[in-house]
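Keep in mind that this is a model prediction, so the values were computed, not measured.
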Amino acid sequence: MLKLPVYLDNNATTPMDPRVLETMIPYFTEHFGNAASRNHPFGWEAEEAVDYAREQVAKLIGADPKEIIFTSGATEGDNLGIKGVYEMYAQKGNHIITANTEHKAVLDTCKHIEKLGGEVTYLSVQEDGLIDLKELEAAIKPTTILVAIMYANNEIGVIQPVKEIAAIAKKHGVLFFSDATQAVGKIPVDVIQDGIDLMTFTGHKMYGPKGIGALYVRRKNPRVKVTAQMDGGGHERGMRSGTLNVPGIVGFGKACELCRLEMAQDTERISKLRDKLETALLKLDEAYVNGNREHRLPHVSNISFKYVEGEGLLMGFNKNIALSSGSACTSASLEPSYVLKALGLGDDLAHSSLRFGLSRFTTEEQIDFTVEQISTTVLKLREMSPLWEMFKEGIDMNNIEWAHH
Amino acid sequence: MPTTNDEILKATVKRIYLDNAATTSLDPQVLEAMMPYMTTHFGNPSSIYSYGRESRLAIENARKTVAKILHANPAEIFFTSGGTESSNTAILSAVRDLGCKHIITSKIEHHATLHTVEYLLKNNEATVSYVTVLQDGQIDVAELEKSLAETKEKCLVTLLHANNEIGTLIDLNIVGNICKKYNAVFHSDTVQTIAHFNFDLRNTPVDFITGSGHKFHGPKGVGILYVNENIKIKPFVHGGSQERDMRAGTENLYGIVGFAKALEIATANFEKESAYILSLKMYMAEQLKNQINNISFNGDVFGKSLYTILSVNFPRTEKSEMLLFNLDINNICASGGSACTSGADIGSHVIAAINNNPDLVTVRFSFCKHNTTEEIDLVIEKLKGII
């Protein structure tokens with residue numbers, strides 16, 4: 001029997017893997033020490049667990065454990081990485097390059113930096129969601145200190161040409177920061193091979209706990225430093241103070257290890273399910289995949305169903321399927337997705353999109369159910385839609401003059 | 001050395017934990033309350049479908065619980081990643097958003113305050129003065145009032161409610177009313193007193209207070225910032241509309257639920273438990289005085305002092321130099337000062353500020369409801385042997 005609702009919004013958050021929770025429990029109960037307590041075993045046990053988790057986290061991204069700064073999540077990591085570089089490298093310049101499809105955590109931080117007197121270039125993306133490398137290189141100037149481009153997009157799953165971006169940044173002596181929240185744990189990410197200088201990611205997008213994340217800060221070639229955004233006891237080598245969230249860190253470490261060990265088999269299974277879902281839904285008329293399909297996360301699909309209202313579509317089945325039309329962080333607003341608008345989609349298509357995010361726990365039965373539910377809802381809504389009727393009659397919608405009431 | 005699991009377990013059971021100001025054990029009922037949010041109810045609170053809505057509801061209920069207990073308005077409670085983030089937010093926003101140009105603090109504050117203040121000073125964003133700390137850890141209130149009266153610029157006053165190393169409690173009403181009189185912003189780091197003090201924020205003249213879940217049998221990684229409804233600050237962490245646009249980032253759902261539950265449990269039996277813990281502290285103070293020579297205490301132990309913390313000075317001898325080490329060998333967990341600085345060998349800045357006596361060795365014992373008089377008897381016995 002299929003348990004409802006089916007959860008297909010794993011870009012918003014993932015359920016915790018039971019193996020992760022199991023690892024965390026002892027650190028909630030008997031090993032409750034403060035990792036900074038140096039005079040007794042409760043403190044040592046906690047510190048040891050944090051050290052082990054730091055290794056697990058580092059290993060997943062090919063980093064040295066010393067390069068991992070634990071944060072409360074990706075948003076704090078984005079803030080620390082970008083503001084921290086802006087403050088630390090103020091002598092060198094004040095210009096940051098980012099893209100207009102970044103997560104709000106990056107965009108809002110950049111806007112804040114503009115208010116502080118910094119300069120930010122927002123690159124637009126191509127129709128497929130990828131940035132234009134020539135545009136990136138042309139935007140670099142002597143005052144540029146940072147390129148902040150996400151690894152994979154949270155709405156359309158498009159993977160940016162990270163290695164190429166890194167090479168351009170390096171060539172011009174500019175640091176490269178990447179928000180890899182959606183990519184780490186899902187596809188191979190290696191900070192050395194990819195040439196990333198700073199990178200943020202979080203536990204709850206990879207079957208780990210909420211409230212814990214990490215910022216990778218490169219220590220060699222070049223040695224990167226960030227100005228702390230939270231001062232206090234000098235935890236995390238002075239870059240991020242505050243009592244360490246030991247159970248959260250332990251869970252995050254375990255989640256990283258599981259992703260490292262099971263990524264290949266997970267990806268093989270999940271991408272097949274994703275493709276099945278996508279192929280079936282594309283059989284509907286006027287359904288389009290948003291973003292580059294080749295350079296894309298294996299568990300994500302963003303599809304627009306023309307002539308159907310996205311919110312209506314969600315209402316049609318949201319008792320049965322947990323899905324969103326875009327980022328959770330902005331899902332309370334009725335504005336169409338700024339990411340889809342950045343790809344050049346009109347309001348009609350941007351409003352009619354659904355974001356599918358599959359997970360380690362997604363089953364074929366759930367996918368079959370989803371295809372059936374969505375197809376039925378789309379067909380039903382279109383039956384009631386005058387626009388669909390006009391389209392079927394061959395009326396060119398762009399040439400209609402609408403009467404204003 | 002214990003080798004088998006059983007032996008290790010036995011050794012663990014025998015440990016006496018008297019470092020509850022550093023962190024506390026999680027209450028099993030709190031863990032139970034958190035469990036559903038680590039398993040079935042995992043939705044992102046910003047999502048609009050059922051998974052998200054049940055998460056949102058849990059967070060808003062937690063906020064209401066916390067607000068009710070502190071006698072605040074739910075709109076005044078913001079969830080953060082912990083006490084350090086809360087204090088950083090309060091101090092930075094007082095300077096950057098509320099126009100404070102001068103900060104008055106003390107030399108015995110927690111580093112979350114001191115280092116943030118030093119950062120602002122270094123950045124030329126504010127000037128700083130340190131109010132005199134009296135021998136018992138109280139601040140010189142008359143001097144505070146005088147500095148406020150003499151400072152023309154808008155001031156931020158940031159002082160610990162209860163000092164985390166020596167336990168001295170300041171009177172929030174007295175200090176707050178002085179701040180009010182001179183239109184100063186008042187932030188108090190209340191990390192040690194949330195759940196250990198009856199707050200009535202509706203009738204307390206504070207602008208910001210802070211709290212951290214793991215100091216009262218709640219989870220680590222979650223805290224609160226109380227912002228009085230009469231003041232308006234800008235977000236500290238940018239990038240999403242969580243916490244009513246004030247603190248971006250996917251909420252630490254289970255942590256928030258656990259924070260509220262822990263506060264609820266602490267409040268339910270507050271009178272009884274605080275009296276019990278105070279009796280433990282007093283018992284230990286008496287026993288130390290009676291049984292060990294030349295003992296002294298830091299702070300206002302028998303006066304305005306938080307009932308959970310006892311800071312003891314032992315005369316420095318060859319043996320007492322290794323006091324903490326020897327306590328640990330005897331399975332007694334205590335600390336020299338704040339855990340946040342206990343890695344450093346520079347000594348406690350708090351003890352240095354109140355009694356700069358190199359002939360003393362200071363140990364902080366901090367208690368919780370799980371400690372017993374038998375444990376204290378044992379500690380005294382061991383101490384007699386160690387000293």
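N34(A) places a side-chain N or O within 3.5 Å of a backbone atom of A22(B) that can act as its donor or acceptor partner. Y7(A) places no side-chain N or O within donor-acceptor distance of the main-chain N or O of G43(B), the cut-off being under 3.5 Å. The main-chain N or O of V237(B) is never found under 3.5 Å from a side-chain atom of K83(A) such that the two would form a donor-acceptor pair.
Under the 6.0 Å cut-off for aromatic ring centres, H40(A) and Y17(B) qualify, their centroids lying closer than that.
The contact between N252(B) and chain A is made by backbone and side chain atoms together, counting heavy-atom distances below 4.5 Å. In this structure, no portion of L107(A) lies under 4.5 Å from any heavy atom of chain B. Proximity to chain B is absent for every atom of I82(A), based on heavy atoms less than 4.5 angstrom apart. In this structure, chain B has no heavy atom under 4.5 Å from any part of I249(A). Neither the backbone nor the side chain of T40(B) comes within contact range of chain A, judged by heavy atoms closer than 4.5 Å. Only the side chain of N79(A) has a heavy atom closer than 4.5 Å to any heavy atom of chain B. Contact annotation for L253(B): both backbone and side-chain heavy atoms come within less than 4.5 Å of a heavy atom of chain A. Residue T14(A) touches chain B through its backbone alone, counting heavy-atom pairs closer than 4.5 Å. Using a 4.5 Å cut-off between heavy atoms, P41(A) touches chain B through backbone and side chain atoms alike. Neither the backbone nor the side chain of H41(B) comes within contact range of chain A; no heavy atoms are under 4.5 Å apart.
When all heavy atoms are compared, the tightest approach of D19(B) to S37(A) is OD2-OG, 3.6 Å. Nearest approach of M35(B) to I25(A), heavy atoms of both residues: CE-CD1, 3.8 Å. Closest approach of A322(A) and Y51(B) over heavy atoms only: CB-CD1, 3.6 Å. In this structure, P209(A) and Y254(B) approach most closely via the heavy-atom pair CB-OH, 3.7 Å. Here the closest heavy-atom approach between residue T13(A) and residue N44(B) is recorded as CG2-N, 3.2 Å.
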Take S72(A) and R247(B), measure what side-chain contact (heavy atoms from CB on, under 4.5 Å) needs, and give me the verdict at the end.
-> CA-CA 12 Å; S72(A) 67; R247(B) 202 284 183 187; 2.9 Å; yes

L21(A) and T39(B): side-chain contact (heavy atoms from CB on, under 4.5 Å), yes or no, with the steps?
-> CA-CA 8 Å; L21(A) 179 57; T39(B) 52; 3.5 Å; yes

Worked check of side-chain contact (heavy atoms from CB on, under 4.5 Å) between D9(A) and S47(B) | CA-CA 9 Å; D9(A) 198 15; S47(B) 298; 3.7 Å; yes

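We find the CZ-CD distance between R15(B) and E30(A) to be 9.5 Å, quoted to the nearest 0.5 Å. We find the CZ-NE2 distance between F236(B) and H112(A) to be 9.5 Å, quoted to the nearest 0.5 Å. From H204(A), atom NE2 reaches atom CD of E251(B) across 9.5 Å, with rounding to the nearest 0.5 Å. Here the straight-line distance linking atom CG of D245(B) with atom CG of D108(A) works out to 9.0 Å at 0.5 Å rounding. For the atom pair S241(A) OG and H115(B) NE2, the distance stands at 8.0 Å (nearest 0.5 Å). Distance check: D27(B) CG to T29(A) OG1 gives 12.0 Å after rounding to the nearest 0.5 Å.
Contact check for N88(B) versus D231(A): side-chain heavy atoms found under the 4.5 Å cut-off. Between S55(B) and K210(A) there is no side-chain heavy-atom pair separated by less than 4.5 Å.
For chain A, the option among A248(B), G82(B), P219(B) with the highest count of heavy-atom pairs below 4.5 Å is A248(B). Taking chain B as the reference chain and counting heavy-atom pairs below 4.5 Å, the highest number among G211(A), A228(A), A105(A), P247(A) is found for A105(A). With chain A as the partner, the residue from G221(B), S50(B), P235(B), G258(B) showing the most heavy-atom pairs under 4.5 Å is G221(B). Contact tally against chain A (heavy-atom pairs below 4.5 Å) for K220(B), H238(B), E118(B): the top residue is H238(B).
Within a 6.0 Å sphere centred on NZ of K111(A), heavy atoms belonging to other residues, nucleotides or ligands number more than 12.
Within the structure, salt bridge (charged side-chain N to carboxylate O under 4.0 Å, His left out) contacts touching residues 17-26 of chain A (residues at least two apart or in different chains) are D17(A)-R19(A), D17(A)-R360(A), R19(A)-E262(A).
Applying the side-chain contact (heavy atoms from CB on, under 4.5 Å) test between L26(B) and each of Y27(A), F28(A), F32(A) identifies F28(A) as the sole match.
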